[in-house]
Amino acid sequence: MIKFLGNKLFRYLSVFLFLNSSTLPIKSSSALAAWAINTNGVLELRTKLNTNLKAYFKKANQISGDRFWVDFPGELKNPRTIKGNGPIKEIRLGKPIKGKTRLVIEFKKDTYLKPLTWRLVGLDQNRWRIKLFDPKYSFKKISEGQVFKRVGNIKEKQKSIYEKESNYHYLKLPDVKRNKFSVVIDPGHGGPDPGAIGIGGIRETDVVLEVSKIVKKLLSEKGVNVKLTRKNEIDLDLPPRVSYANNSDADIFVSIHANASRGKRRDINGLETFYYRGWRGRLLAKKIQKQILRVSPGSPDRGVKQGRFYVIKNTRMPAVLVEIGFLTGRLDARRLEKTTHRKRLAYAISKGILEYLYKLG
């Protein structure tokens, strides 16, 4: 998240979007590979894959103008200062602390900026964009390296796992003992309760029901006994879902949902999986979270978390609740509206479940 430094004004600034990843070793090279401030005032960045960025803004003082900067994992080899033009006084690249790289953009004094509107958007696994200003006069591009250098390779890699509609062999669904395990899949909401409503009117109930039915089909083909809490658009309260699961003597319970952000912010995307208690619940959540992230490149990993949702708190077997993306998020919604991506998610959830069942023997 953004860190606001030393000024009460900063608490009014908007939150930027970051993708999470593990921090690089201190001795590694900088995760910043290339950058460019284009003639339209847009800053573009290329980083190592799935880098965790942190962005900051600080108002001008008696010494310096307004400053925007981004911190990257890994250490810069050659600190340097680059002369700016137009509203930009200079760009500095340095090492604020050991193991970090910082790109600082300092604006000339009295430059009119609107940081409340700024959003740092992840375009894919290693490219970023943020609109910093609208040039009033001609502005000459300032850059280092090729921001789009790796786009072709990334697209080729994604195409092999993302754009094929019918080939899911890359997931290699594990085999488990046939007719040994029983699973309850719970498509969230239903009937008069559509759940989250996203961009373009996409409804949570429709998305999760389709994903759940595909999960049932895939697991059944592997010899798992699968039951759905609902098979169509019916009004189903939470207690009956729990009772159905508990009476079915299932080995696990998986509730499938899609998310929505407050204010329907399109910059908020990501996947997360919740469990209530126990190492088995946590293991199941981790297996599923790992797989759904694989088929959703660029969507932030919001992690495996403990939650107190009714359906996972009151079921007697290991239970998880999966949030497969934000219907209100620009990146996630564009994917979730497509049947092809719902199939990918279903395969991913199925693989996570099968890996868990295989682990238990």
Side-chain angles (χ1 to χ4, degrees), residues 158 160-188 204-232 241 244-245 248-259 271-275 280-297 299 301-302 304 311-312 315 317-325 332 335-336 338-361:
Q158 288 185 2
S160 65
I161 69 170
Y162 190 78
E163 293 182 354
K164 295 181 181 179
E165 298 187 7
S166 59
N167 183 9
Y168 298 96
H169 297 299
Y170 69 93
L171 284 169
K172 297 180 181 178
L173 294 179
D175 292 318
V176 295
K177 293 182 179 179
R178 300 185 70 86
N179 303 315
K180 177 180 179 180
F181 300 105
S182 178
V183 175
V184 171
I185 303 296
D186 174 44
E204 179 179 3
T205 180
D206 301 328
V207 174
V208 300
L209 182 58
E210 182 177 358
V211 171
S212 298
K213 287 181 176 180
I214 300 171
V215 171
K216 180 181 187 301
K217 178 178 181 294
L218 294 171
L219 294 180
S220 297
E221 290 172 352
K222 288 293 182 178
V224 179
N225 178 27
V226 186
K227 296 179 179 179
L228 296 176
T229 58
R230 68 177 181 94
K231 300 177 182 179
N232 46 45
R241 298 173 194 253
Y244 182 76
S248 69
D249 196 31
D251 294 288
I252 61 172
F253 174 90
V254 178
S255 188
I256 300 177
H257 290 255
N259 234 327
L271 300 91
E272 55 194 341
T273 306
F274 295 88
Y275 71 101
R280 286 185 174 86
R282 185 171 186 272
L283 177 62
L284 176 60
K286 289 177 66 175
K287 294 290 187 183
I288 293 175
Q289 180 72 5
K290 177 182 176 181
Q291 296 305 325
I292 60 177
L293 286 169
R294 285 189 60 196
V295 299
S296 305
S299 192
D301 178 6
R302 296 172 65 90
V304 170
V311 292
I312 61 174
T315 41
M317 69 290 297
V320 299
L321 187 147
V322 188
E323 295 280 7
I324 57 176
D332 290 346
R335 293 173 173 176
L336 289 169
K338 298 177 182 177
T339 295
T340 52
H341 185 64
R342 298 177 192 182
K343 289 180 180 179
R344 298 180 193 106
L345 287 167
Y347 269 81
I349 292 171
S350 300
K351 184 174 184 183
I353 291 173
L354 291 168
E355 285 186 342
Y356 170 84
L357 297 177
Y358 180 82
K359 184 79 173 179
L360 294 187

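Looking at residues two or more places apart in sequence or on another chain, you find no side chain to side chain donor-acceptor pair (under 3.5 Å) involving Lys216. Every residue two or more places apart in sequence or in another chain that forms a side chain to side chain donor-acceptor pair (under 3.5 Å) with Lys217 is listed here: Glu221. The side chain to side chain donor-acceptor pair (under 3.5 Å) test applied to Arg282 returns no partner, not counting sequence neighbours. With sequence neighbours excluded, the residues forming a side-chain contact (heavy atoms from CB on, under 4.5 Å) with Ala319 are Phe253, Ile312, Thr315, listed by chain and number. In terms of the side-chain contact (heavy atoms from CB on, under 4.5 Å) criterion, residue partners of Glu355 (sequence neighbours excluded) are, by chain and number, Pro174, Lys287, Gln291, Lys351.
The OG atom of Ser220 lies 12.0 Å from the NZ atom of Lys227; values are rounded to the nearest 0.5 Å. Atom NZ of residue Lys338 and atom CG of residue Leu336 lie 11.0 Å apart, to the nearest 0.5 angstrom. Between the OG1 atom of Thr339 and the CD1 atom of Ile214 there is a distance of 7.5 Å, given to the nearest 0.5 Å. Here the OH-NZ distance, from Tyr358 to Lys222, works out to 12.0 Å after rounding to the nearest 0.5 Å. Taking CD1 of Ile324 as the reference point, atom CZ of Arg342 lies at 8.0 Å (rounded to 0.5 Å).
Between Thr273 and Ile292 the shortest side-chain heavy-atom distance falls below 4.5 Å. Side-chain contact between Val215 and Val226: absent, with no pair of heavy atoms (C-beta onward) separated by less than 4.5 Å. Looking only at side-chain heavy atoms (C-beta outward), Leu345 and Ser296 come within less than 4.5 Å of each other. Using a 4.5 Å heavy-atom threshold, the side chains of Val208 and Arg230 count as touching. A heavy-atom distance below 4.5 Å is not found between the side chains of Lys286 and Tyr356. For the pair Val224/Leu354, a side-chain contact is recorded, criterion being any heavy-atom separation below 4.5 Å from C-beta on. In this structure the side chain of Asp251 never reaches within 4.5 angstrom of the side chain of Met317, judged on heavy atoms.
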Let me check something: any side-chain donor-acceptor pairs from residues 180-187 under 3.5 Å, sequence neighbours excluded? List them with distances.
from, atom 1, to, atom 2, distance (Å)
Lys180, NZ, Gly361, O, 2.2
Asp186, OD1, Thr229, OG1, 2.6
Asp186, OD1, Arg241, NH1, 2.7
Asp186, OD2, Ser255, OG, 2.7

Practice task
Go through Ile353 and Ile288 one step at a time and tell me if the side-chain contact (heavy atoms from CB on, under 4.5 Å) criterion holds.
Solution key: CA-CA 7 Å; Ile353 291 173; Ile288 293 175; 4.0 Å; yes
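The closest donor-acceptor contact from the side chain of Glu204 to the backbone of Ala258 lies under 3.5 Å. For the pair Lys213 (side chain) and Lys231 (backbone), a donor-acceptor distance under 3.5 Å is present.
The shortest heavy-atom contact between Ser299 and Leu271 is OG-CD1, 3.1 Å. When all heavy atoms of Tyr347 and Leu173 are compared, the pair lying nearest together is O-CD2, 3.8 Å. Nearest heavy-atom pair, Ala346 versus Ser350, reported as atom, atom and distance to 0.1 Å: O-OG, 2.7 Å. Scanning both residues, Gln289 and Asp301, for their nearest heavy atoms gives NE2-OD1, 2.8 Å.
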